[in-house]
Amino acid sequence: ERKRGAELRNHLVRSRSVALIKSGQALSLRPDLLKSKVWADELGKLVDEVGSFSDVDAMNIMREELSDLLPRLKNIKLSDATTKQRLSIRGKRSRLQRLVESDPILSLFEFYNDFQVVASASVGQVYKAKLRRGPALTAILGKTEAAKWGGKTVAIKIQRPDVAASAALDMYLIRRTAMWLSKFRGGDLVSIADTFGMQLFGELDYVREAKNCERFRELYGGWEDVVVPQACTSLTRKKVLIMEWVEGTKGPWMGSDGIEMVRIGLRCSTDQLL
């Protein structure tokens, strides 16, 4: 059973289908539908084990998305920290390192993990970095925002390069399948497919995601037992999302910790409903 569950998960990953992967993620939360807790556990790994795309491609996407900031950096010299970094790794630089250090946008960030991805999901992958203090950051964000974000560790979420086209094809096929199934099973399966599609395409807009996060911070950021990472909206674009990095422990939580998480979740859900 474990082997078959792993095979199903691997097939979904190899399909590179955002819709199929997200369907697997949703099923992992419903072992009652799968009739197998083992399969649910395996599909649960789709949350952060779906494989990553090229780090160089990711950096190029980031450069392109933030290219509108380049005019603000025309007369800004490299910071001492950036210059020292270039000198320290001269002669042993990879293609990825050369790309980051030579670009005025990418060099605003001090990347962790040797410039490589730290986590990946169905829609994008995440890098850990620190925003460099200095005149370049001030020119882009302004004094107030630069003082707030300078030196802060951030999570940089970059969207997969082919995800929009893949999602469009996936939803076309799913909708056609729903129309065919409706003839035999009845029910409004097409509307269900449309709702899923609207939610899926909504997740492809990181600007919208950042605004939703800030809205959630307004509502629940003051709660003692809820932490909502702040989004840097000035550096967020449709395919690039930059947020405050938050350390934490992934669930499931057992015993009293699990009961406390359920209590907090119910309180949040009830508050939203009311």
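Atom set for the values below is all heavy atoms of this structure, side chains included, hydrogens, waters and symmetry mates excluded.
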Legend entry - Step-by-step side-chain hydrogen bond (donor to acceptor under 3.5 Å, both in side chains) determination, N113 to Y127: CA-CA 8 Å; N113 199 40; Y127 295 82; over 6 Å; no

Legend entry - Nearest heavy-atom neighbours spanning A136 and L108: CB-CD2, 3.5 Å

Legend entry - Check: Q272 and Y220 side chains under 4.5 Å, non-hydrogen atoms: yes

Legend entry - Y112 six-ring centre to K128 NZ/CZ under 6.0 Å and within 45° of normal: yes

Inset, instruction - Looking only at non-hydrogen atoms, find the nearest pair between A167 and L204 and report the distance. - result: CB-CD1, 4.2 Å

Inset, instruction - Without swapping roles, check the side chain of N10 against the backbone of A6 for a donor-acceptor pair under 3.5 Å. - result: yes

Inset, instruction - Might you work through the salt bridge (charged side-chain N to carboxylate O under 4.0 Å, His left out) test for E203 and K22, ending with a clear yes or no? - result: CA-CA 11 Å; E203 290 187 33; K22 286 204 165 290; 3.0 Å; yes

Inset, instruction - For salt bridge (charged side-chain N to carboxylate O under 4.0 Å, His left out), just list the numbers for E7 and R4, CA-CA rounded to whole Å, side-chain angles, deciding distance to a tenth of an Å, and then say yes or no. - result: CA-CA 5 Å; E7 286 178 349; R4 296 305 180 200; 2.9 Å; yes

Inset, instruction - State whether the number of non-hydrogen atoms from other residues, nucleotides or ligands found under 6.0 Å of W180 atom CH2 is greater than 12. - result: no

Inset, instruction - Taking the side chain as every heavy atom from C-beta outward, state whether V123 and R160 have any atom pair closer than 4.5 Å. - result: no

Inset, instruction - Output yes when a side-chain donor or acceptor of R72 lies under 3.5 Å from a complementary backbone atom of I140, and no otherwise. - result: yes

Legend entry - From CA spacing to verdict: side-chain contact (heavy atoms from CB on, under 4.5 Å), Y206, Q159: CA-CA 9 Å; Y206 286 170; Q159 193 173 116; 3.9 Å; yes

Legend entry - Hphob cluster co-occupancy, L69 + L99, side-chain heavy atoms under 4.5 angstrom: yes

Inset, instruction - For R132 and S107, indicate whether the former's side chain and the latter's backbone hold a donor-acceptor pair under 3.5 Å. - result: yes

Inset, instruction - Report, as yes or no, whether the 6.0 Å neighbourhood of atom CD on E260 holds more than 12 heavy atoms from other residues, nucleotides or ligands. - result: yes

Legend entry - Common cluster, F196/F201, ILVMFWY with side-chain heavy-atom separation under 4.5 Å: yes

Inset, instruction - With the side chain counted from C-beta on, respond yes when K211 and V207 share a heavy-atom pair under 4.5 Å apart, and no when they do not. - result: yes

Inset, instruction - Return yes when atom CZ of R208 has more than 12 non-hydrogen atoms of other residues, nucleotides or ligands closer than 6.0 Å, and no otherwise. - result: no

Inset, instruction - List the steps and the verdict of salt bridge (charged side-chain N to carboxylate O under 4.0 Å, His left out) for E42 and K45. - result: CA-CA 6 Å; E42 285 296 326; K45 297 176 182 178; 3.2 Å; yes

Legend entry - Intermediate values then yes/no, side-chain contact (heavy atoms from CB on, under 4.5 Å), V154 and M243: CA-CA 5 Å; V154 294; M243 303 178 70; over 6 Å; no

Inset, instruction - Could you pull out the closest heavy-atom pair between I174 and A193, with the gap in Å? - result: CG2-CB, 4.1 Å

Inset, instruction - Walk me through it: do L70 and K74 pass the test side-chain contact (heavy atoms from CB on, under 4.5 Å)? - result: CA-CA 7 Å; L70 287 174; K74 274 187 177 180; over 6 Å; no

Inset, instruction - Starting at CE of M62, measure out to CG of D55 and round the result to the nearest 0.5 Å. - result: 12.5 Å

Legend entry - Rounded distance (nearest 0.5 Å) linking atom OG of S94 with atom CD of Q116: 8.0 Å

Legend entry - hydrophobic_cluster_shared for F53 and L169, side chain cutoff 4.5 Å: no

Legend entry - R267 to W223, cation-pi by 6.0 Å centre distance and 45° axis angle: yes

Inset, instruction - Indicate, with yes or no, if I264 and W253 share a hydrophobic cluster defined by side-chain heavy-atom contacts under 4.5 Å among Ile, Leu, Val, Met, Phe, Trp and Tyr. - result: no

Inset, instruction - Run the numbers on D205 and K238 for salt bridge (charged side-chain N to carboxylate O under 4.0 Å, His left out), then give the verdict. - result: CA-CA 5 Å; D205 186 351; K238 188 172 183 179; 5.7 Å; no

Inset, instruction - Any chance you could lay out the side-chain contact (heavy atoms from CB on, under 4.5 Å) test for I105 and S67, step after step, and finish with the verdict? - result: CA-CA 8 Å; I105 296 295; S67 60; over 6 Å; no

Inset, instruction - Hey, can you tell me if F111 and F109 have their rings parallel, tilted or perpendicular (30° and 60° cut-offs)? - result: tilted

Inset, instruction - Indicate yes or no: at least one non-hydrogen side-chain atom of P229 is less than 4.5 angstrom from one of W245. - result: no

Legend entry - A210: partners by side-chain contact (heavy atoms from CB on, under 4.5 Å), with sequence neighbours left out: A231, T233, T236, L241

Legend entry - Within-4.5 Å side-chain heavy-atom neighbours: I156 and V126: no

Inset, instruction - Find the distance between NZ (K148) and CD (E244) and round it off to the nearest 0.5 Å. - result: 10.0 Å

Legend entry - Atom pair CG/CG of D271 and L266 - distance to nearest 0.5 Å: 12.5 Å

Legend entry - From I158 atom CD1 to I61 atom CD1, the distance as rounded to the nearest 0.5 Å: 7.0 Å

Legend entry - Lys/Arg N to Asp/Glu carboxylate O, E209 vs K157, below 4.0 Å: yes

Legend entry - Test item: side-chain donor near acceptor, E1 and S36, under 3.5 Å: yes

Inset, instruction - State yes or no: do I259 and V262 share one hydrophobic cluster built from I, L, V, M, F, W and Y residues joined by side-chain heavy-atom distances below 4.5 Å, directly or via other members? - result: no

Legend entry - D170 side chain to L20 backbone, donor-acceptor under 3.5 Å: no

Legend entry - A146 versus L141, closest heavy-atom pair with distance: N-CB, 3.9 Å

Inset, instruction - Please check if atom OH in Y172 has more than 12 non-hydrogen atoms from other residues, nucleotides or ligands closer than 6.0 Å. - result: no

Inset, instruction - Please check if the side chain of Q230 supplies one atom and the backbone of E214 the other of a donor-acceptor pair under 3.5 Å. - result: no

Inset, instruction - Would you give the length of the straight line joining atom CZ of F115 to atom CD of E110, rounded to the nearest 0.5 angstrom? - result: 9.0 Å

Legend entry - S17 to S166 - nearest heavy-atom pair and separation: CA-OG, 4.0 Å

Inset, instruction - Answer yes or no: is there a side-chain heavy-atom contact under 4.5 Å between V240 and I242? - result: yes

Inset, instruction - Keeping the roles fixed (side chain from Q25, backbone from L46), state whether a donor-acceptor pair exists under 3.5 Å. - result: yes

Legend entry - N/O donor-acceptor pair under 3.5 Å between T195 side chain and S191 backbone: yes

Inset, instruction - With sequence neighbours excluded, tell me which residues meet side-chain contact (heavy atoms from CB on, under 4.5 Å) with K37. - result: D41

Inset, instruction - Indicate whether the side chain of R63 and that of N60 have a donor and an acceptor atom separated by less than 3.5 Å. - result: yes

